[in-house]
Every structure is written in structure tokens, then in C-alpha cells.
Visitor: 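The structure that follows is given in the form of C-alpha cells.
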Amino acid sequence: MKTKKRILTAGAWPYANNYMHVGHLAAMLPGDIVSRYHRLIGNEVIFVSGSDCHGTPITERAKRENVPPFEIADKYHKSFKDCFARLNFSYDYYGATYEGFHKEEVRRVFLKLYEDGWFYEQKNTQDYCPTCKTFLSDREIRGVCPHCGQISKGDQCDECLASLDASQLKDKTCAACGGATAQRENKSLMFKLSEFQGQLERLLAARQDTWRTNALNETRKYLEQGLPDRAVTRDLSWGIDVPVKGFEDKKIYVWIEAVLGYYTCCKKVAGERGAAVGDFLKDDGNLSTYYIHGKDNIPFHTVIFPALLLAMNPAFQLPEYIMSCEYIKTNNEKMSKSLGNLIAVPDLLDAFDADTVRFYAILSNPEKKDSGFTTAGMIGAHNKILVGGLGNFVNRNASYLKKKFGGVVPDGAVDQGIADATRALYKDAGARLEAGYTREALELLVDYVQAANKYYDDRKPWVQAHTDPAGFGDTTATCLYMIANMSNLFYPFIPSAMERLKGMLGLEAAKWEEARFTAKTLGEIGIHFNRIEN
RNA sequence: CGCGGGGUGGAGCAAUGGUAGCUCGUUGGGCUCAUAACCCAAAGGUUGGAGGUUCGAGUCCUCCCCCCGCAACCA
């Protein structure tokens, strides 16, 4: 008997200052597929994510729109939540960093790390605006670019694109009020990241088979440079207050806080199930952890977060699977609002069925390299595979039985070769899913559907029905068997369509193991996927 | 020489150094159970360029050319 494993699927936290687009979707949807798969094979899953609601960009947008930052964060958080619900994400909890339990728990962890000596105070001089009475980050400063002489932001020059930091600018002014800046002494808390160099190098070595190539390379680069200590406090107005004496006016660096959301939400869900988070997350050989995000998030998940976990509790499992995707491109360009090629998920869901979107988002997922996502491509995949492949296979079988035999299923035996191939498919696709490669798994399933249609054509049941009743029975049994198994295999990818199919055919609840078709008669069979005309 | 990802039939992609394949599109055929759905076949490539290593290079080495990301709204 197989032992039940514990699974944490940790989806990236989208930043709540704009609507969700297909890039977010590409990065996060594989987390839902993996979670659903693990539930089907009987594991205990905690699947969490949430909205990243603090930080400068939200504050800036709030200022521009003349509303409190909370309003911005809350608006987009609600939009995210709505998208995930419409997309059928099976989160055990989807939170927001502004929620009380998260803030409280983060402060508790932060204070504990401080008391354990992982943070130290550092004094420095920083740009300060006397008018706005605040310290300024690089991007809040304007000044003369040393390369081209134009007025530039502090982080990168708009004119000559040189990468800068604010100390290189001359005649610095505050971006908000235009007044001259002053140098003032400031202090921050630094995290002793450098002390984890050795442990993180060992982690990297141990994860050669389970982290994506881009994560391995990116992490190696950081480790080869040598890890510096990192500031964990910021001079912002919108965020979680630093719980350390003398730092009450500062906020916790958003990346520290957001990444701890995996922990706070896991603790919340575990708690609701009557379990301790420490027991759930301990690396006892019975836990697997998956982290799902885009490649720009890699160092936060392979360096910062593991270091925090080590500082919190050395018994915790460090990230086991890093599912860091590449980017979605449109016409070989990065998607962006300004280029007008960004596809917003709410718009997509207004126009298309959630399963269609899910199916195409996985089939075109930038799993190993950049890929494209177009509505034309999505319509093509829907019509070709869901309508012409899967839906058609169900429909051609069912409608023939209904029309000629009143829906009565003839006696017959399932083809042995196909049964073997089906069992092998559960194994192979399961192995791909377990390793975090959802696109590869789905491609195997698509092949199965194509083979099923080919089998039907080769056997010609519409001829067999007249010339070879026994052969017709076998063909029908084999096809219905394949349909029953498709309804299991596709379940993690397109759950609502497969629920519908199971309902129509009286099939039992999805499991990740060979199913048999047992009904003696077919009920009313409707159309599963409608062709999208364009 | 900043870092990284790429350049393969019309489009999108695949190929541990060993006969360049797949999907879509195109053309022709088959079938008529099925939502102009399904099945088969053909056409279409000197694998960005130039050298080199090798019995053998899309794959390894050197040089060159081109596209994209690393900044913003972002995975």
C-alpha cells in the first residue's frame, strides 16, 4: 500500500496593481494541475497563493489616482480572486498580504528572527526629501544622468537606457515634489544572507534533478558572485510595520513578506485541519514542496526564501521542485500594455470557456522556453483537439449507439493492447506531472485522443455493426473504456468539462488509475465542446 | 566583448554526434459514426553565415550576423 504524502503547492503571489494577464496565468496554472493530480492519487495537498498588496508601485498608482493604497490593492486583489474562481483554481487558500493573520504572523516571524540574531542594524546615508519628509528610493529620485546629461530617474536613464543607481546622479530632486534632496543618516536592518552561502550551495547541488534549468543557472550565478547581506526594512508608508524597537516607522521589505505568505497561508490551512504547520512542513521524507512562478522570481525562491526557512526552523523542507516558467511572447515580443499586445484574463474569460483557456494555457506553456499565446492559437487548439478530438470521439461513439441501438451497450471485451497503453499513460503522464512538467503530460494525453480516433477509423464500427457483431462489441467496449479513462486523465486540466462528461455517462469520480466503463445503457449525451466559429 | 534565451520546410515547434521529424496551413485521396468533425498520402529544408574537430555535425569548438528578455504596468 502506498503511503499518503503531504504536498505543498506554492503559487506565485501576483502583484495587485493591475489586471491579471496570460503571463500570470502561464506561471500559476501549472500549480493547480499539480495540486489536482496529487489529490487524485490520494495525497494530502495544501495549495496556497495570494495577492501581493504592499510596496511602492501600488503607492505610486494610488497617488496618481488620488485614492488610498488599500483601494488599489483591494480592487486588484478582488479581480484576481474572481479570475481564479472563474478559472476553477483549487486553492486551499488564496490570501492577500494585507490580511490580519498574515501581517501578524509575519511580524511574529520577523521578531523571532531578530531575537535569534539573524538581523543586524546598519547605518547609512540616504537621499531624503525635506519637503515630503521621507527617505527616497532610487526610482523616486530625478537627476542629471552622468552618461547623457539628460534628466533621468534614479534606477535607469529613460534617455540613454543606462542602468544607474541614484548616487551617480547630479542635481538630485524628489520625483514627487521637485524639491532638492538632502543626504541624511538612516538605518536599516540587514539579514545575514551571507551566512547561508554554504547551505544554499548544498541545496543547489541536491536539487539538480528537480529544479528547472533556468532556476539552477540563475541560482548558480548568484552563489558564484557570493551572497551579500540584504536589507529587510524599507522607508515606505504602505506595508507591514517592522516590529523591532527603533524601527517602528519602517516597513518590512515586500519580498520578505510576500514570500513568507507561503508559510502564513500554509499555517492557516494546516491549522484549520487541526495540524501544526511545523509538522506539515518538516522534511521527513514524506513531504514534497512545489514552487510555481516566472523566471524573474527565481532568486527569491531559491536563495532568499530558503535562507529564511533555514533561519526559522532547520527542520523545514527547503524548496524541492522549482517550476519557474519562461515568458509568454506575442509576435516574438514581450507582452506589455504599452505595446498593446497584452491579453487580460478577465477579457479572455468573458469570451471563452474556462476549460478552453486552461487547456491552451497549458498546451502552450513556456515550460522550457519562451512561447506564444494568441487567441487564434487558442481557438485552433480548442476546435482541433477539444472539439475535433476529445468531443468528437465521445460524440461519434455515443450518437451511433443512441441512433442504431437505442443507447444499449453491446457485450464486448476491451482490447488488451489499448488497456496496456492506457495503464502506461497513467504512469508516464503521472511521472511528468509529479516532476512538474504539466505541458509534457498534456501532450501525452492529446496523443492518446488522436490514437483513439484512429482506432475508431481503423475498426470501422459502423460497418462491423452489420458484418461482425462480436467485433463491434469489442470495439465499442474499447472505445467506452478509453472515454472513461479520458475523463480521469484530463480531469486535472479541464475539470468542469470532465465533471460534465462523467455526469452524462454515469462515470465514477475522478481517480488517477485505470477506469472501467460499466453502464449498460447510455443516458442523454449532449455536446461537450462547441466549435468556436471565427 | 555586461548577463541570459533564441535563430530548423509558409507559421509554431522537436531531434543522448549517426537516415532532419511533429502539429497547423496547403494540395490530393479515403470514410460517412461524428460539431465542414475523423483517417491516409503528397508537396514543401543546402538546420542564420564562415571556418574547424570528427569516419560522421542541427548537435562539439572559433569567429561573425540577426531577433528577444534583463527598465517600466509584469511571470
Side-chain angles (χ1 to χ4, degrees), chain A residues 11-15 17-30 52 57-58 60-61 64 76 138-139 152-158 161-164 213-214 217-218 221 225 292-298 323-329 331-339 342 344 363-366 368-374 376-377 380-381 383-404 443 446-447 449-465 472 475-476 479 525-533:
Chain A
W13 288 52
Y15 194 64
N17 72 337
N18 219 318
Y19 294 106
M20 189 194 291
H21 58 72
V22 294
H24 292 112
L25 182 60
M28 300 186 228
L29 181 55
D52 182 4
I58 285 174
E60 286 175 353
R61 180 164 190 149
R64 241 181 294 137
Y76 292 109
D138 284 351
R139 57 182 288 162
S152 163
K153 284 183 303 183
D155 50 357
Q156 192 192 20
C157 177
D158 292 328
L161 300 179
S163 183
L164 305 169
T213 310
N214 56 8
N217 290 343
E218 192 77 3
K221 199 174 84 184
Q225 287 167 358
I292 300 100
H293 49 262
K295 61 179 166 186
D296 57 339
N297 275 344
I298 287 169
M323 294 165 59
S324 41
C325 70
E326 297 286 329
Y327 283 143
I328 295 279
K329 303 270 203 73
N331 298 325
N332 205 29
E333 281 172 330
K334 183 173 188 175
M335 289 188 315
S336 79
K337 212 168 196 177
S338 55
L339 289 171
L342 189 143
L363 204 61
S364 68
N365 200 261
K368 290 181 169 165
K369 55 200 251 187
D370 294 349
S371 68
F373 187 114
T374 59
N383 285 342
K384 183 71 190 170
I385 304 169
L386 293 181
V387 178
L390 217 178
N392 180 44
F393 186 66
V394 173
N395 192 36
R396 65 200 305 205
N397 274 288
S399 69
Y400 192 69
L401 280 183
K402 286 299 263 192
K403 238 181 263 175
K404 307 286 181 179
E443 283 167 350
V446 169
D447 291 344
V449 172
Q450 272 159 358
N453 273 309
K454 185 166 163 43
Y455 172 80
Y456 196 86
D457 281 287
D458 290 346
R459 297 282 294 184
K460 298 185 174 40
W462 58 91
V463 175
Q464 283 183 309
F472 174 73
T475 303
T476 303
C479 288
I525 305 300
I527 294 292
H528 295 90
F529 301 100
N530 288 301
R531 191 176 175 77
I532 302 171
E533 302 300 342

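Below, read A as the first sequence line, B as the second, and so on, with proteins coming before strands; counting in each chain starts at 1.
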Visitor: Roughly how many Å is it from CG in A/N395 to P in B/A37, rounded to a whole number?
Guide: 14 Å
Visitor: Taking the same atom, P, in B/U53 and in B/U62, what whole-Å distance lies between them?
Guide: 15 Å
Visitor: Could you tell me the Watson-Crick or G-U partner of B/C63, where both distances fall under 3.5 Å? Say none if there is no partner.
Guide: B/G49
Visitor: Under 4.0 Å, counting only non-hydrogen atoms across every strand here, what does A/K221 touch: a base, just sugar-phosphate, or nothing?
Guide: sugar-phosphate
Visitor: Do the non-hydrogen side-chain atoms of A/E60 and A/N17 ever get within less than 4.5 Å of each other?
Guide: no
Visitor: At under 4.0 Å between heavy atoms, what does A/P14 touch on the DNA or RNA strands: base, sugar-phosphate, or nothing?
Guide: sugar-phosphate
Visitor: Counting C-beta onward and ignoring hydrogens, is there a side-chain heavy-atom pair between A/I385 and A/L363 closer than 4.5 Å?
Guide: yes
Visitor: Across all strands shown, which nucleotide pairs with B/U26 by Watson-Crick or G-U wobble geometry, both distances under 3.5 Å?
Guide: B/A42
Visitor: Mind calculating the distance between CG (A/D447) and C1' (B/C39) to the nearest angstrom?
Guide: 16 Å
Visitor: Do any side-chain nitrogens or oxygens of A/K329 fall under 4.0 Å of OP1 or OP2 in B/G12?
Guide: no
Visitor: Between A/Q464 and A/T475, is any pair of side-chain heavy atoms under 4.5 Å apart?
Guide: yes
Visitor: From B/C31, B/C74, B/U35, pick the nucleotide closest to the side chain of A/R531?
Guide: B/U35
Visitor: For the P atoms, the ones on B/C68 and on B/G25, what distance do you get once it is rounded to whole angstrom?
Guide: 29 Å
Visitor: With a non-hydrogen cut-off below 4.0 angstrom, is A/G380 in contact with a base, only sugar-phosphate, or nothing?
Guide: nothing
Visitor: Can you work out whether A/A12 or A/P461 has the more 5'-proximal nearest nucleotide on RNA chain B?
Guide: A/P461
Visitor: Partner of B/G17 by Watson-Crick or G-U wobble geometry, both contacts under 3.5 Å, or none?
Guide: none
Visitor: Taking OP1 and OP2 of B/C73, is either one under 4.0 Å from a side-chain nitrogen or oxygen of A/R61?
Guide: no
Visitor: Once you round to the nearest 0.5 Å, how far does NE2 of A/H293 lie from OG of A/S324?
Guide: 5.0 Å
Visitor: Taking B/A11 as the reference, what is the distance to B/C74 when you measure between their C1' atoms (whole Å, please)?
Guide: 27 Å
Visitor: Given the C1' atoms of B/A15 and B/G30, what is the spacing between them in whole Å?
Guide: 31 Å
Visitor: From the set B/C31, B/C40, B/C74, return the single nucleotide nearest to any side-chain atom of A/K454.
Guide: B/C40
Visitor: When you compare B/U8 with B/G48, how far apart are their P atoms, in angstrom units rounded to a whole number?
Guide: 6 Å
Visitor: Could you tell me the Watson-Crick or G-U partner of B/C73, where both distances fall under 3.5 Å? Say none if there is no partner.
Guide: none
Visitor: In whole angstrom, what separates A/F393's CZ from B/C31's C1'?
Guide: 16 Å
Visitor: When rounded to the nearest 0.5 angstrom, what distance separates NE2 in A/H21 from CZ in A/F373?
Guide: 12.0 Å
Visitor: So is the aromatic ring of A/Y400 stacked onto the base of B/C33, judging by whether the centres are under 5.5 Å apart and the planes are under 30° apart?
Guide: no
Visitor: Just compare B/C74, B/A37, B/C39 and give me whichever is closest to any side-chain atom of A/Y15.
Guide: B/C74
Visitor: Is there a side-chain contact (heavy atoms from CB on, under 4.5 Å) between A/K295 and A/N217? Walk through the geometry before answering.
Guide: CA-CA 11 Å; A/K295 61 179 166 186; A/N217 290 343; over 6 Å; no
Visitor: If you only use heavy atoms from C-beta on, which nucleotide in B/C73, B/C3, B/C33 is closest to the side chain of A/N18?
Guide: B/C73
Visitor: Look at the side-chain N and O atoms of A/K384 and state whether any lies under 4.0 Å from the OP1 or OP2 oxygen of B/C38.
Guide: yes
Visitor: Would you indicate which nucleotide in B/C39, B/G69, B/C73 comes nearest to any side-chain atom of A/Y327?
Guide: B/G69
Visitor: Just N and O in the side chain of A/N397: are any of them under 4.0 Å from OP1 or OP2 of B/C33?
Guide: no
Visitor: More 5' along RNA chain B: A/N217 or A/R396, using each one's nearest nucleotide?
Guide: A/N217
Visitor: Over how many whole Å does the gap from A/K369 atom NZ to B/U8 atom C1' extend?
Guide: 10 Å
Visitor: Watson-Crick or G-U wobble partner for B/G58, using a 3.5 Å limit on both distances?
Guide: none
Visitor: With C1' as the reference atom in both, quote the distance from B/C66 to B/G44 in angstrom, rounded to an integer.
Guide: 25 Å
Visitor: Sticking with atom P, work out how far B/G6 lies from B/G51, rounded to a whole angstrom.
Guide: 26 Å
Visitor: Check A/A26 against A/P366 and note the closest heavy-atom contact, atom names and distance.
Guide: CB-CD, 3.8 Å
Visitor: Hey, does A/E218 reach any base, or is it just sugar-phosphate, or nothing, if we go heavy atoms under 4.0 Å?
Guide: nothing
Visitor: Is A/N392 touching bases, backbone alone, or none of the nucleic acid, heavy atoms closer than 4.0 Å?
Guide: base
Visitor: Nearest-Å distance, CD1 (A/I385) to C1' (B/U35)?
Guide: 16 Å
Visitor: Looking at B/A36, which nucleotide sits across from it as a Watson-Crick or G-U wobble partner, both distances under 3.5 angstrom, or is there none?
Guide: none
Visitor: Using a 4.5 Å cut-off on heavy atoms from C-beta on, say whether the side chain of A/T213 contacts that of A/K368.
Guide: no
Visitor: Write down the partner of B/G4 under the Watson-Crick or G-U wobble criteria, each distance required to be under 3.5 Å.
Guide: B/C68
Visitor: Quick check for you: among B/C73, B/C39, B/U35, whose closest atom lies nearest to any side-chain atom of A/R64?
Guide: B/C73
Visitor: How long is the line joining CD of A/E60 and P of B/A72, in whole Å?
Guide: 10 Å
Visitor: Rounding to a whole Å, what distance do you find between A/I58:CD1 and B/C73:P?
Guide: 11 Å
Visitor: Across the strands shown, which category fits A/I292 at heavy-atom distances under 4.0 angstrom: base, sugar-phosphate, nothing?
Guide: nothing
Visitor: Rounded to the nearest Å, what distance is computed from the NZ atom of residue A/K295 to the C1' atom of nucleotide B/G6?
Guide: 10 Å
Visitor: Flag the pair A/D296 / A/Y327 as yes when at least one side-chain heavy-atom distance between them is below 4.5 Å, and no otherwise.
Guide: yes
Visitor: Please give the distance between the C1' atoms of B/C40 and B/U32 as a whole number of Å.
Guide: 15 Å
